[in-house]
Trainee: 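Pasting a structure here, questions to come.
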Amino acid sequence: MPAGHHGPPGTATRTQFNLGRSLPFLVLILTFAIDLITPDPERFDRLLVAAPALAAVTWSVRGTIGIGLLAMVARLVLGLIRGEPLVPDVVANEAVIAGVTAAAAWVSRVRTRYEQDLRELTAVAEVVQRVVLRPLPARLGRFDLHLLYVAAAAKARIGGDFYEAVRVPGAVRIMLGDVQGKGLGAVETASVLLGSFRAAVNDAPDLAVLADRLDEGLSRYGAWDPDSDAAERFATVVLVELPDGEDVARLLSCGHPAPLLQRGAEVRPVHFDDPSLPVNLAGLADSRHHIEEVRFGPGDRLILFTDGVSETRDRAGTFYPLELRLRGWAREPAEDVPALLHQDLAGYGSGGLDDDVAALLVVYPPAIRAL
């Protein structure tokens with residue numbers, strides 16, 4: 001659940017939906033009553049045409065037509081009560097309401113078709129999300145995983161940020177990355193890299209070989225489909241290996257922001273002596289991948305994040321102070337940190353969150369629990 005959300009999901013939507021469906025009837029009732037008690041020459045019956053127009057926003061085609069017919073009946077009754085001649089006054093006013101009702105029914109049909117298409121696309125997006133960005137388990141091996149993932153595009157479920165964590169023989173391996181750019185091309189590149197990671201993660205002897213496989217996978221995809229946008233994009237990636245029986249973390253960065261290691265209130269970035277180039281740019285330089293090893297023991301936390309977190313700026317142009325925030329949240333339960341981070345980022349950014357955001361908090365539980 002997104003940070004800052006309270007109450008059962010959908011409560012506000014249902015309230016607005018019921019109000020929208022009731023509004024045409026409120027217009028009919030109020031207009032009829034006010035016109036009935038208002039002496040000539042003041043007339044309010046012409047407002048009855050608003051009822052079918054409002055119905056088109058929330059009602060089906062049949063419902064919209066039904067409300068339009070009710071408006072026509074209400075106008076006819078008011079005309080008869082006032083003793084208006086049937087022709088031309090009553091017929092002319094009925095024709096106006098009928099015309100508005102016909103237009104409203106057409107709008108309702110277009111809207112319902114759009115809503116049906118949107119429901120189908122949403123269902124497809126949910127399936128794609130489960131396949132491309134599978135939910136992470138809350139616990140993997142000895143470690144707890146807590147994820148924050150927010151796509152920048154409105155209504156999107158997947159962006160150019162990607163992640164994966166897998167239990168392999170003798171270790172837990174994690175990848176978190178960020179594709180250059182946004183849009184469907186970035187999603188395509190992310191899916192290729194995730195596929196390459198999943199294909200190689202069990203067999204690669206170390207993180208250096210795994211990083212090479214990511215490069216190879218994207219290069220092969222570009223050769224297979226040279227017109228694909230993915231062939232032109234690069235991605236920053238950080239790989240982590242947490243071996244069984246050792247209180248260490250091995251990390252390899254391909255141009256990615258350095259993860260932060262938290263031990264109590266102490267927070268420091270992992271130092272990379274020789275970070276690699278981003279994936280799909282490795283061919284520009286002849287260099288070998290360098291793996292860093294740091295102590296990672298019971299009670300420690302390691303947070304991996306994309307530049308959607310670190311490069312969020314306030315109105316003064318100041319970058320988001322992630323290290324400072326983590327120190328302040330040192331006593332907070334680890335499972336609450338992603339929600340705290342989401343809420344704080346949304347409030348800190350001058351324009352909200354305008355980039356994909358991914359942050360993965362890896363927790364080595366205290367020794368008493370690890371036993």
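Residue numbers count from 1 along this sequence.
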Trainee: Are Val337 and His146 close enough that some pair of their side-chain heavy atoms sits under 4.5 Å apart?
Mentor: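 Of all side-chain heavy-atom pairs linking His146 with Val337, none is under 4.5 Å.
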
Trainee: At what distance, to the nearest 0.5 angstrom, does CD1 of Ile291 lie from CG of Asp273?
Mentor: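 These two atoms lie 13.0 Å from each other.
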
Trainee: List the atom of Ala204, the atom of Val209, and the distance in Å for their closest heavy-atom pair.
Mentor: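 Result for this residue pair: CB-CG1, 4.1 Å.
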
Trainee: Supply the members, apart from Leu324, of the Ile/Leu/Val/Met/Phe/Trp/Tyr cluster built from side-chain contacts under 4.5 Å; use none for a lone residue.
Mentor: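 Its cluster partners, ordered by chain and number, are none at all.
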
Trainee: From Leu136 CG over to Asp144 CG, what is the distance, rounded to the nearest 0.5 angstrom?
Mentor: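 It comes to 12.5 Å.
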
Trainee: With side-chain contact (heavy atoms from CB on, under 4.5 Å) as the test, would you mind laying out the steps for Glu94 and Leu76 before giving the verdict?
Mentor: CA-CA 7 Å; Glu94 293 290 291; Leu76 179 61; 4.2 Å; yes

Trainee: Which residues pass the salt bridge (charged side-chain N to carboxylate O under 4.0 Å, His left out) test with Arg295, sequence neighbours left out?
Mentor: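 By the salt bridge (charged side-chain N to carboxylate O under 4.0 Å, His left out) rule, Arg295 matches Asp300.
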
Trainee: Could you list who else is in Val57's hydrophobic cluster, with ILVMFWY side chains joined at under 4.5 Å, directly or through other members?
Mentor: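 Besides Val57, the cluster holds no residue at all.
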
Trainee: Take Phe197 and Leu239, measure what side-chain contact (heavy atoms from CB on, under 4.5 Å) needs, and give me the verdict at the end.
Mentor: CA-CA 10 Å; Phe197 177 84; Leu239 299 172; 4.0 Å; yes

Trainee: With sequence neighbours left out, write down each residue that passes salt bridge (charged side-chain N to carboxylate O under 4.0 Å, His left out) with Arg250, or none if nothing qualifies.
Mentor: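 Here the qualifying residues are Glu241, Glu246, Glu293.
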
Trainee: Decide yes or no for Asp178 and Asp356: does some side-chain heavy atom of the first lie under 4.5 Å from some side-chain heavy atom of the second?
Mentor: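 Of all side-chain heavy-atom pairs linking Asp356 with Asp178, none is under 4.5 Å.
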
Trainee: Of all the heavy-atom pairs spanning Arg327 and Ala265, show the shortest one and how long it is.
Mentor: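 Smallest heavy-atom distance, with atoms named: CG-O, 3.2 Å.
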
Trainee: First locate atom CD of Gln343, then atom CG of Asp336, and finally report the distance between them rounded to the nearest 0.5 Å.
Mentor: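 It comes to 11.0 Å.
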
Trainee: I'd like to check Thr306 versus His256 (side-chain heavy atoms, cut-off strictly below 4.5 Å). Are they in contact?
Mentor: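 Thr306 vs His256: side chains touch.
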
Trainee: Any chance you could measure Arg213, atom CZ, to Leu218, atom CG, to the nearest 0.5 Å?
Mentor: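 The CG atom of Leu218 is 15.5 Å from CZ of Arg213, to the nearest 0.5 Å.
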
Trainee: Report the distance from atom CD of Glu311 to atom OH of Tyr320, rounding to the nearest 0.5 Å.
Mentor: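 It is 14.5 Å, given to the nearest 0.5 Å.
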
Trainee: For a side chain to side chain contact (heavy atoms under 4.5 Å, CB included) with Asp215, tell me which candidate from Val279, Val237, Leu281 qualifies.
Mentor: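 Considering Val279, Val237, Leu281, a side chain to side chain contact (heavy atoms under 4.5 Å, CB included) with Asp215 is found only for Val279.
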
Trainee: Any chance you could lay out the side-chain contact (heavy atoms from CB on, under 4.5 Å) test for Val309 and Leu148, step after step, and finish with the verdict?
Mentor: CA-CA 10 Å; Val309 176; Leu148 169 64; 5.6 Å; no

Trainee: Can you list the other members of the hydrophobic cluster that holds Ile37, where links are side-chain heavy atoms under 4.5 angstrom apart?
Mentor: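 Members besides Ile37: none; it forms no cluster.
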
Trainee: Given side chains that start at C-beta, do those of Arg113 and Gln116 come closer than 4.5 Å, heavy atoms only?
Mentor: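 No, their side chains stay 4.5 Å or more apart.
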
Trainee: What closest approach, in Å, do Arg301 and Leu361 show between heavy atoms, and which atom pair accounts for it?
Mentor: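 Where Arg301 meets Leu361 most closely, the heavy atoms are CB-CD1, 4.0 Å.
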
Trainee: What heavy-atom pair brings Ser219 and Asn280 nearest, and what distance separates the two atoms?
Mentor: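 Looks like OG-OD1, 4.2 Å.
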
Trainee: If every non-hydrogen atom of Leu214 is compared with every non-hydrogen atom of Met175, which pair is closest and at what distance?
Mentor: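 Between these two residues, the closest heavy atoms are CD1-SD, 3.9 Å.
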
Trainee: If we only count heavy atoms from C-beta on, is the Glu323 to Pro269 side-chain gap below 4.5 Å?
Mentor: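 Touching, per the 4.5 Å side-chain cut-off.
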
Trainee: Looking at every heavy atom in both Pro259 and Val238, which two are closest together, and how far apart are they?
Mentor: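 Nearest heavy atoms, Pro259 then Val238: CG-CG2, 3.8 Å.
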
Trainee: Check whether Leu210 and Val248 end up in the same hydrophobic cluster, where Ile, Leu, Val, Met, Phe, Trp and Tyr are linked by side-chain heavy atoms less than 4.5 Å apart.
Mentor: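 No, it is not one cluster - the side chains of Leu210 and Val248 are not joined through contacts under 4.5 Å.
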
Trainee: Who else is in the cluster with Leu48 when I, L, V, M, F, W and Y are joined by side-chain contacts under 4.5 Å?
Mentor: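 So far as hydrophobic clustering goes, Leu48 is joined with Phe25, Leu28, Phe32, Leu36, Val49, Trp59, Val61, Ile65, Ile67, Leu69, Leu70, Met72, Val73, Val77, Leu78, Ile81, Val96, Ile97, Val100.
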
Trainee: Let's go through Val110 and Tyr114 carefully: what are the C-alpha distance in whole Å and the side-chain angles of both, what is the deciding distance for side-chain contact (heavy atoms from CB on, under 4.5 Å) to 0.1 Å, and is it a yes or a no?
Mentor: CA-CA 6 Å; Val110 172; Tyr114 172 79; 5.5 Å; no

Trainee: What's the separation between atom CG in Leu277 and atom SG in Cys254, rounded to the nearest 0.5 Å?
Mentor: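 That separation rounds to 8.5 Å.
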
Trainee: Are Arg134 and Glu164 within salt-bridge range, i.e. N to O under 4.0 Å?
Mentor: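 Result for this pair is yes, salt bridge flagged.
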
Trainee: Under a 4.0 Å N-O cut-off, is there an ion pair linking Asp247 with Arg142?
Mentor: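 Yes.
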
Trainee: Quick one, Leu252 and Ser276 - any side-chain contact, counting heavy atoms below 4.5 Å?
Mentor: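 Of all side-chain heavy-atom pairs linking Ser276 with Leu252, at least one is under 4.5 Å.
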
Trainee: Measuring only between side-chain heavy atoms, which start at C-beta, is Leu341 closer than 4.5 Å to Trp329?
Mentor: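 Yes, side chains in contact.
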
Trainee: Are Thr58 and Leu23 side-chain neighbours, meaning at least one heavy-atom pair lies under 4.5 Å?
Mentor: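 No, too far: nothing below the 4.5 Å cut-off.
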
